[in-house]
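Notes to accompany the following structure.
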Protein chains: 2
Amino acid sequence: MIRLSRKSDYGLVALKALRSLQPGDALSARELAVQLGLPGDMTPKVLARLAQAGLVESSMGKAGGYRLARSAGDISVAEVVRVLDGESGLAPCREGILECHRIETCDIKHPLDNLHQEVMRVLQGMSIAQL
Amino acid sequence: MIRLSRKSDYGLVALKALRSLQPGDALSARELAVQLGLPGDMTPKVLARLAQAGLVESSMGKAGGYRLARSAGDISVAEVVRVLDGESGLAPCREGILECHRIETCDIKHPLDNLHQEVMRVLQGMSIAQL
DNA sequence: GCCAACTGCGACCGTTCTAGTCCGAGTTTA
DNA sequence: TAAACTCGGACTAGAACGGTCGCAGTTGGC
């Protein structure tokens with residue numbers, strides 16, 4: 001399936017909301033959740049992950065919150081998806097535990113990898129600012 | 001997640017195998033499964049679905065089996081994915097039962113739909129023959 | 001005419017992944 | 001010192017997916 005997870009969806013919406021923030025200001029996760037209608041305890045998680053990856057900055061303590069770490073035009077959809085969903089190839093050959101037993105003879109992996117790169121290039125081409 | 005389901009994966013592999021068939025010949029689902037190392041009872045399902053969608057032709061009875069209904073160059077990856085996984089937008093706003101409650105105020109749906117179309121265009125650009 | 005080898009189709013179950021919640025700890029400001 | 005926030009892990013419920021089983025219908029050969 002070519003579909004974004006909810007996490008990525010939430011992340012995109014949240015980033016978009018942070019875009020219209022005055023420099024120096026910050027929005028708390030709870031405020032964002034209420035404002036955007038996102039599930040309460042999911043929002044801090046998504047934002048924390050984005051902060052960890054350097055897409056947003058966080059300030060702790062009272063009156064703390066999140067703000068964009070870079071300009072909205074510098075953050076691509078691809079980056080958000082990669083941070084929140086992890087990057088895995090198009091092909092469902094799981095790595096690790098459930099390894100594909102066809103891996104030796106698989107002749108479609110390379111073409112699919114190429115496709116995957118093209119898809120990511122498309123996502124790379126759209127920034128938060130363009131959403 | 002931007003990942004193909006196993007069904008789509010199996011479908012692509014199977015179609016690719018059918019490509020090198022003599023005209024008039026047919027391969028049974030079981031043969032394909034053995035030959036490609038696919039799970040035994042999954043393969044008939046995938047092929048039946050493909051036949052239903054007109055991507056492969058089937059002949060019943062003894063010595064029956066499957067063959068491509070069109071030339072491999074005319075079948076795109078996008079089509080296979082659409083048939084086996086169903087087409088759903090990039091955005092995870094499920095339709096029907098679990099409708100997104102943000103649907104009214106959602107301002108990223110349209111941009112995501114555009115992205116989705118671009119992604120499908122990429123998949124459309126690769127045919128079974130190119131795999 | 002019967003049997004064997006297929007497709008076709010629906011029902012079913014177990015596993016995996018995802019979404020969402022809860023809770024405790026650390027940080028900052030008033 | 002208290003309030004408001006981030007941070008991180010652990011846990012639960014539910015949906016989606018992969019995979020299996022069984023039966024009906026069809027065809028070709030003996």
Side-chain angles (χ1 to χ4, degrees), chain A residues 1-11 14 18 25-34 37-53 56-67 69 81 84-86 88 92-102, chain B residues 1-11 13-14 18 25-34 37-54 56-67 69 81 84-86 88 92-102:
Chain A
M1 282 243 195
I2 311 287
R3 189 195 285 163
L4 262 49
S5 73
R6 297 223 166 173
K7 272 188 229 171
S8 290
D9 185 38
Y10 296 161
L18 288 179
D25 260 10
L27 263 179
S28 77
R30 186 170 311 164
E31 275 177 298
L32 267 175
V34 170
L38 306 180
D41 279 338
M42 203 60 197
T43 316
K45 269 219 152 48
V46 168
L47 285 166
R49 187 77 195 81
L50 290 175
Q52 203 174 320
V56 302
E57 290 174 346
S58 64
S59 44
M60 279 195 165
K62 194 173 172 179
Y66 296 92
R67 76 191 71 86
V81 171
L84 292 175
D85 281 351
S88 57
C93 11
R94 311 264 198 292
E95 278 127 45
I97 309 170
L98 211 72
E99 205 155 324
C100 175
H101 61 287
R102 282 198 340 268
Chain B
M1 280 253 188
I2 311 290
R3 188 195 285 163
L4 261 50
S5 74
R6 297 223 165 172
K7 272 187 231 170
S8 290
D9 186 36
Y10 295 159
V13 173
L18 289 180
D25 260 11
L27 263 179
S28 77
R30 188 172 305 166
E31 275 177 298
L32 267 174
V34 170
L38 304 181
D41 280 338
M42 201 63 196
T43 316
K45 261 210 156 53
V46 167
L47 286 166
R49 188 79 195 80
L50 289 175
Q52 203 174 322
V56 301
E57 289 174 347
S58 63
S59 43
M60 278 197 168
K62 193 172 174 178
Y66 296 92
R67 78 192 69 87
V81 171
L84 292 175
D85 281 354
S88 57
C93 11
R94 313 266 197 290
E95 276 129 46
I97 309 169
L98 212 71
E99 205 156 323
C100 176
H101 60 291
R102 281 198 342 267

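Being a predicted model, the structure only gives us computed values, none of them experimental. In what follows, chains carry the letters A, B, and so on, assigned in the order in which the sequence lines appear, proteins first and then strands, with residues in each chain numbered from 1.
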> About how many Å separate CD of A:Gln52 and OG of A:Ser58, when rounded to the nearest 0.5 Å?
Replying inline: 10.5 Å

> What pairs with B:Glu57 under salt bridge (charged side-chain N to carboxylate O under 4.0 Å, His left out), at least two apart in sequence or on another chain?
Replying inline: B:Arg67

>> How would you summarise protein contacts on nucleotides 2-12 of chain C per nucleotide, using B for base, S for sugar-phosphate only and - for none, with heavy-atom distances below 4.0 Å?
In response: ---BBBSSBB-

> In whole angstrom, what separates B:Glu57's CD from D:dT26's P?
Replying inline: 19 Å

> For the residue pair B:Ala69 and B:Gly54, what are the closest heavy atoms and their distance?
Replying inline: CB-O, 3.5 Å

>> Taking the side chain as everything from C-beta on, heavy atoms only, tell me whether B:Leu38 gets closer than 4.5 Å to B:Leu32.
In response: no

> In whole Å, what is the span from the CE atom of A:Met42 to the P atom of C:dA19?
Replying inline: 6 Å

> Say you draw a straight line from CG of A:Leu50 to CG of A:Leu84; how long is it, rounded to the nearest 0.5 Å?
Replying inline: 4.5 Å

>> Any side-chain N or O of A:Tyr10 below 4.0 angstrom from OP1/OP2 of C:dA19?
In response: no

> Within this structure, what is the CG-to-P distance between B:Leu4 and D:dG18, rounded to whole angstrom?
Replying inline: 10 Å

> Expressed in angstrom and rounded to an integer, what is the separation of A:Asp41 atom CG from C:dG24 atom P?
Replying inline: 14 Å

> For B:Ser28, which residues count as a side chain to side chain donor-acceptor pair (under 3.5 Å) partner, sequence neighbours excluded?
Replying inline: B:Glu31

> Measuring from B:Thr43:OG1 to B:Lys45:NZ, what's the distance to the nearest 0.5 Å?
Replying inline: 11.0 Å

> How many Å lie between CZ on B:Arg6 and C1' on C:dT16, as a whole number?
Replying inline: 10 Å

> How close or far is atom P of D:dC5 from atom CZ of A:Arg67, stated in whole angstroms?
Replying inline: 14 Å

> Taking CZ from B:Arg3 and P from D:dG18, how many angstroms apart are they, rounded to a whole number?
Replying inline: 10 Å

> Between the two ends of the helix from C:dG1-D:dC30 to C:dA30-D:dT1, what is the bend in degrees, rounded to 10 degrees, where each end axis spans five pairs?
Replying inline: 10°

> Side chains of B:Leu27 and B:Leu18: does their closest heavy-atom pair fall under 4.5 Å?
Replying inline: yes

>> In this structure, how many angstroms lie between the P atom of D:dG19 and the CZ atom of B:Arg49, rounded?
In response: 18 Å

> How close do A:Ala48 and A:Tyr66 get, heavy atom to heavy atom, and via which atoms?
Replying inline: N-OH, 3.9 Å

